[in-house]
Amino acid sequence: MIMTSGLAIVTGASSGIGAEIARQLSARGQPVLAIGRRAHRLEELSAQAGAAGHAPIHPLELDVTTEGAALRVRDRARELGGAAWLVNNAGTTRLGPFLEGDPAALAMLVRLNCESVVALCAAIVPDLVARGGGRVLNVASLAAFQPTPGHAVYGATKAFVLSLSESLAVELEGTGVTVTALCPGPVTTEIFDVGAPGVPRRKLPFELTAEGCAAYAIAAAERGNVVAIPTALSKATAQLSRILPRAALRRLSARIGLSVLGYGARARGVRG
Ligand SMILES: NC(=O)C1=CN([C@@H]2O[C@H](COP(=O)(O)OP(=O)(O)OC[C@H]3O[C@@H](n4cnc5c(N)ncnc54)[C@H](OP(=O)(O)O)[C@@H]3O)[C@@H](O)[C@H]2O)C=CC1
Ligand SMILES: N[C@@H](C=O)C(=O)O
């Protein structure tokens with residue numbers, strides 16, 4: 001099928017969900033352009049794919065928030081024969097009260113989680129349309145469905161990604177290009193250490209593995225699902241966020257939001 005044979009661009013491929021998506025796409029025969037700032041991690045991924053006889057994983061050491069990054073990705077993908085998939089996975093979080101956050105770090109969060117997704121869609125989607133079809137997989141979050149006091153900017157960025165993805169999915173109907181917004185709940189990755197270094201957190205019984213989340217994401221993107229929410233619990237949570245009165249939702253999210261992520265009760269004042 002045209003959708004699964006071509007190159008997959010995966011941002012944030014040096015760890016977590018992105019590394020697993022890259023591994024799984026490579027294992028099923030798709031070459032991957034794996035992007036991240038930690039070159040050694042990308043090279044390890046590439047070597048593992050080679051050793052396993054899987055499709056090649058091409059490392060690209062790149063900070064996707066830098067000027068011109070999206071065009072660099074586009075040009076590299078063209079050099080490799082052209083992209084069939086764009087996976088906008090790179091992202092991070094910052095936990096803690098907004099007023100105690102570092103304004104520069106919060107601005108970076110918006111650049112990474114929002115602006116880089118727009119820039120890469122703008123750079124790559126025209127090539128997907130031109131080739132007659134492709135897949136866009138944007139990694140949002142369950143945090144997209146409700147306000148997220150305690151990590152206010154993060155949730156807002158994920159609401160942005162969800163909204164953008166749904167709008168693009170409609171605009172691209174008939175082009176052969178589908179857009180999927182992946183909205184997982186907690187997944188065991190490095191994000192929690194990056195977003196709240198040194199803050200104790202307990203792994204949750206219902207937490208997804210990066211491997212399981214990646215497998216779900218690839219299948220959903222392959223099917224062209226527009227909103228992809230792994231697990232029944234997460235689906236129920238998203239549904240609850242749609243029907244609760246907004247005031248009640250704000251209170252509930254303020255009270256239990258961060259504890260649902262494993263930071264324990266009264267985690268609202270988490271200092272990142
Ligand atoms: N883990 C979870 O509970 C959930 C995660 N998500 C989302 O999943 C996505 C992946 O995160 P996850 O795997 O959990 O976390 P990780 O921290 O393990 O992975 C984040 C990835 O993003 C990359 N990245 C960060 N900043 C940049 C940058 N400036 N330029 C290029 N790459 C960058 C990192 O690579 P490097 O540092 O090498 O640049 C890394 O590969 C994120 O968008 C996150 O918001 C959504 C819901 C739940
Ligand atoms: N890990 C993130 C999930 O989206 C978060 O901090 O909410």
Side-chain angles (χ1 to χ4, degrees), residues 4-66 68-93 108-109 111-113 116-117 119-120 123-124 135-139 141 182 184 186-198 201 203 207-222 230:
T4 56
S5 57
L7 178 77
I9 297 167
V10 182
T11 69
S14 52
S15 67
I17 298 167
E20 275 306 318
I21 289 175
R23 278 195 192 94
Q24 292 179 28
L25 290 175
S26 163
R28 73 177 208 170
Q30 272 184 263
V32 174
L33 177 56
I35 298 167
R37 295 165 302 175
R38 288 170 289 179
H40 65 285
R41 294 271 192 103
L42 301 174
E43 280 144 20
E44 279 166 27
L45 206 58
S46 180
Q48 288 165 2
H54 294 161
I57 294 182
H58 305 277
L60 176 58
E61 179 187 357
L62 180 67
D63 178 337
V64 295
T65 66
T66 51
L71 297 182
R72 265 196 70 191
V73 173
R74 181 201 64 188
D75 295 347
R76 183 64 182 128
R78 286 176 175 174
E79 287 168 5
L80 293 169
W85 284 52
L86 169 61
V87 181
N88 282 308
N89 164 79
T92 196
T93 188
M108 179 285 293
L109 206 52
R111 275 200 307 280
L112 175 61
N113 292 6
S116 77
V117 174
L120 281 160
I124 306 298
R135 291 289 183 268
V136 176
L137 171 60
N138 293 328
V139 183
S141 165
L182 175 68
V187 183
T188 306
T189 70
E190 298 172 11
I191 196 169
F192 299 103
D193 299 328
V194 173
R201 175 183 180 269
K203 189 170 170 218
E207 195 159 308
L208 273 175
T209 63
E211 188 178 359
C213 183
Y216 178 90
I218 290 167
E222 188 84 277

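Since this is a predicted model, take the numbers as computed values, not measurements.
The two residues Tyr216 and Leu182 make their nearest non-hydrogen contact at CD2-CD1, 4.0 Å. Taking both residues in full, the closest heavy atoms of Gly18 and Val10 are given as O-CG1, 3.6 Å, listed atom of the first, atom of the second, then distance. Shortest non-hydrogen contact noted between Arg201 and Pro186 is NH2-CB, 4.0 Å. Closest approach of Ala22 to Leu45, counting heavy atoms only: CB-CD2, 3.9 Å. What you find for Leu62 and Ala69 is that their closest heavy atoms are CD2-O, 3.7 Å. In plain terms, the two heavy atoms of Ala13 and Ala34 that are nearest each other are CB-CB, 3.6 Å.
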Item to check | Step-by-step side-chain contact (heavy atoms from CB on, under 4.5 Å) determination, Thr209 to Glu20 | outcome: CA-CA 10 Å; Thr209 63; Glu20 275 306 318; over 6 Å; no
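For Asn88 (side chain) and Thr11 (main-chain N/O), no donor-acceptor pair under 3.5 Å exists by modelled atom type. With hydrogens and angles ignored, the 3.5 Å screen pairs no side-chain donor or acceptor of Gln30 with any backbone N or O of Leu7. In terms of modelled atom types and a separation under 3.5 Å, the side chain of Ser26 and the main chain of Ala55 share a donor-acceptor contact.
Defined by atom type and a distance below 3.5 Å, a donor-acceptor pair is present between the side-chain atoms of Arg38 and Ser15.
Residue pairs meeting the side chain to side chain donor-acceptor pair (under 3.5 Å) criterion with at least one partner in residues 53-65, sequence neighbours excluded, are Asp63-Thr65.
The closest side-chain heavy-atom distance from Thr66 to Arg72 is not below 4.5 Å. Residues Ile35 and Arg76 form no side-chain contact, since every pair of their non-hydrogen atoms from C-beta on lies 4.5 Å or further apart.
Partners of Glu43 under the salt bridge (charged side-chain N to carboxylate O under 4.0 Å, His left out) rule, at least two apart in sequence or in another chain, do not exist in this structure.
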